[in-house]
Every structure is written in C-alpha cells, then in structure tokens.
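Report on the structure given below.
When reading the values below, keep in mind they use all heavy atoms of this one structure, side chains included, and skip hydrogens, waters and symmetry mates.
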Amino acid sequence: MSRAFVKEDAGERWTPPAPAHEYKIVLDDETLHETDDLLSALNWVSQRQRGGFEVRSKEGRLLAKS
C-alpha cells in the first residue's frame, strides 16, 4: 500500500473530512447536532426539554437561542 494513503499514527487508510453542514446546534461550545436544514435544526432544539442551545450558521453566526 502506498504511504500516501496511510495515516502516520495508526496505520489506517486516509478518509476525507466530512463536509461542513449549514447549521449546527451548540451547547456550551460543544456541537451536538449538525444539519443542512434550518427547520430541522429548530425542531431538534424545540424537542429538547433543557434550554441553552444555540443554532449557529456554518460561519458561526447566532441564528436562534433557546
């Protein structure tokens, strides 16, 4: 196997990074959920009993807060 496709640390095959989603739900600087659909993000937040969630855009702009 070519070393170009092997990670140096663990000897695993290289995997491309996951594509960035448009919206993310954040709680205390930790991303809990990501989606490309704003309505889906808002529904995810509304189904949680606990507050303090933030819906942010891919660029980090605050869109909604619970």
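The salt bridge (Lys or Arg N to Asp or Glu O under 4.0 Å) analysis of residues 25-52, with sequence neighbours excluded, yields no pairs. Pairs of residues two or more places apart, or lying in two chains, that qualify as salt bridge (Lys or Arg N to Asp or Glu O under 4.0 Å) and include a residue from residues 16-27 are Glu22-Lys58.
Between atom OG1 of residue Thr35 and atom NE2 of residue His21 there is a gap of 7.5 Å, rounded to the nearest 0.5 Å.
Taking each heavy atom of Asn43 and Ser46 in turn, the nearest pair found is O-OG, 2.9 Å.
Lys65 pairs by the side-chain hydrogen bond (donor to acceptor under 3.5 Å, both in side chains) definition with nothing, not counting sequence neighbours. Applying the side-chain hydrogen bond (donor to acceptor under 3.5 Å, both in side chains) rule to Thr31 yields no partners; only residues at least two apart in sequence or on another chain are considered.
Grouped with Val45 in one hydrophobic cluster are Tyr23, Ile25, Leu27, Leu32, Leu38, Leu42, Trp44, Phe53, Val55, Leu63, the linkage being side-chain heavy-atom contacts under 4.5 Å among Ile, Leu, Val, Met, Phe, Trp and Tyr residues.
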